[in-house]
Amino acid sequence: MIKRFLQILIVMYFTGLCAFAASNYLNAVVLEGTDNSYNIVLRSDQRTKIKKTVQASDRITLTLKGITAADNISTLYKDTAQVNSLVVENSGNGELKIYVQAPGIDKANVVFENPDSTPIAVDVNSLFAKLLCITMLGGMIFIGVKSTRTLNSHTYEPYYKRNIKDRELELYRNFKREVATMNRNRMSTPRRCHTIREQLTQLN
């Protein structure tokens, strides 16, 4: 039962990893101003892993993994008269970086828009926490499977082998005791017969 449960967890873990490997394109980046900061809207086929790095209050870098910029990617600006620059760069190996320079951009919110879903605000810290949990879960599954195999191969089997060996030794000891008893009986029997013969001779 436990082994079956571990197998299911392994399948779920690798299925989740494969989801990030599917084709995913960033089609547009929308930068819109808000009262105190900005919303950076990423229009992509699927959500993906994202890391926000703040170099200064007016300069940030978004690093996305498992995604590629579409050939016809577009950048849109709404209420952003003070934006200095926005650059999208494919870094290779399924990684993409977005460089943004604008006053107060360090407080910007990142929002994903997918074709079949409503806009989803991304909590960067929460996303990485989930990925960390998935990695830890994978490690726990690996350790659990390894421990189960070790327990089966190094505990139960030798235990039964020791029991069988002990029983065999006990049987062998009992057999030796019985043989020794039989030998003693055979050695004492002629002496009793001889004693009886002497008594009969004395009577005659």
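The structure presented is a predicted model; accordingly, all values stated were derived computationally and were not measured.
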Check the pair Leu42 / Val110 against side chain to side chain contact (heavy atoms under 4.5 Å, CB included), numbers first and verdict last.
CA-CA 7 Å; Leu42 306 177; Val110 181; 3.8 Å; yes
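- Screening residues 33-46 for salt bridge (charged side-chain N to carboxylate O under 4.0 Å, His left out), with sequence neighbours left out, gives Arg43-Glu113.
- Between the side chain of Tyr38 and the main chain of Pro103, a donor-acceptor pair closer than 3.5 Å is present.
- To the nearest 0.5 Å, atoms OG1 (Thr48) and CG (Leu64) are separated by 6.0 Å.
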Please report, to 0.1 Å, the donor-acceptor pairs under 3.5 Å made by any side chain of residues 79-92, with sequence neighbours excluded.
{"unit_1": "Glu89", "atom_1": "OE1", "unit_2": "Tyr99", "atom_2": "OH", "d": "3.0"}
{"unit_1": "Asn90", "atom_1": "OD1", "unit_2": "Ala69", "atom_2": "N", "d": "3.0"}

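- Legend: residues meeting side-chain hydrogen bond (donor to acceptor under 3.5 Å, both in side chains) with Glu32, ordered by chain and number and at least two apart, are Asn39.
- For the pair Ser37 (side chain) and Lys107 (backbone), a donor-acceptor distance under 3.5 Å is present.
- Contact of the Ile67 side chain with the Lys65 side chain is not registered, since no non-hydrogen atoms from C-beta on lie closer than 4.5 Å.
- Note that OG1 of Thr34 is 6.0 Å distant from CG of Asn36, once rounded to the nearest 0.5 Å.
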What do the steps show when you test Leu31 against Lys78 for side chain to side chain contact (heavy atoms under 4.5 Å, CB included), and what is the final call?
CA-CA 6 Å; Leu31 186 61; Lys78 296 181 180 180; over 6 Å; no
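- When all heavy atoms are compared, the tightest approach of Ser44 to Asn114 is O-ND2, 3.2 Å.
- Interatomic distance, NZ of Lys52 versus CD1 of Ile105, reported as 7.5 Å (0.5 Å rounding).
- With a 4.5 Å cut-off on side-chain heavy atoms, Gln101 and Asp58 do not count as touching.
- A heavy-atom distance below 4.5 Å is found between the side chains of Thr63 and Glu95.
- A 4.5 Å side-chain heavy-atom check between Ile98 and Val29 finds at least one atom pair inside the cut-off.
- Here NZ of Lys97 is found 9.0 Å from NZ of Lys51. Values are rounded to the nearest 0.5 Å.
- Within a 6.0 Å sphere centred on CG of Asn174, heavy atoms belonging to other residues, nucleotides or ligands number more than 12.
- Side-chain contact check for Asn72 versus Tyr25: every heavy-atom pair is 4.5 Å or farther apart.
- Two residues are said to be in side-chain contact when any heavy atoms from C-beta on lie closer than 4.5 Å; Thr68 and Asn24 fail this criterion.
- When all heavy atoms of Asn27 and Ala70 are compared, the pair lying nearest together is OD1-CB, 3.6 Å.
- Remark: the Gln55 side chain and the Thr61 side chain contain an N/O donor-acceptor pair separated by less than 3.5 Å.
- In this structure, the side chains of Leu96 and Leu26 come closer than 4.5 Å at one or more pairs of heavy atoms.
- How far OG1 of Thr75 is from CD1 of Ile73: 7.5 Å, rounded to the nearest 0.5 Å.
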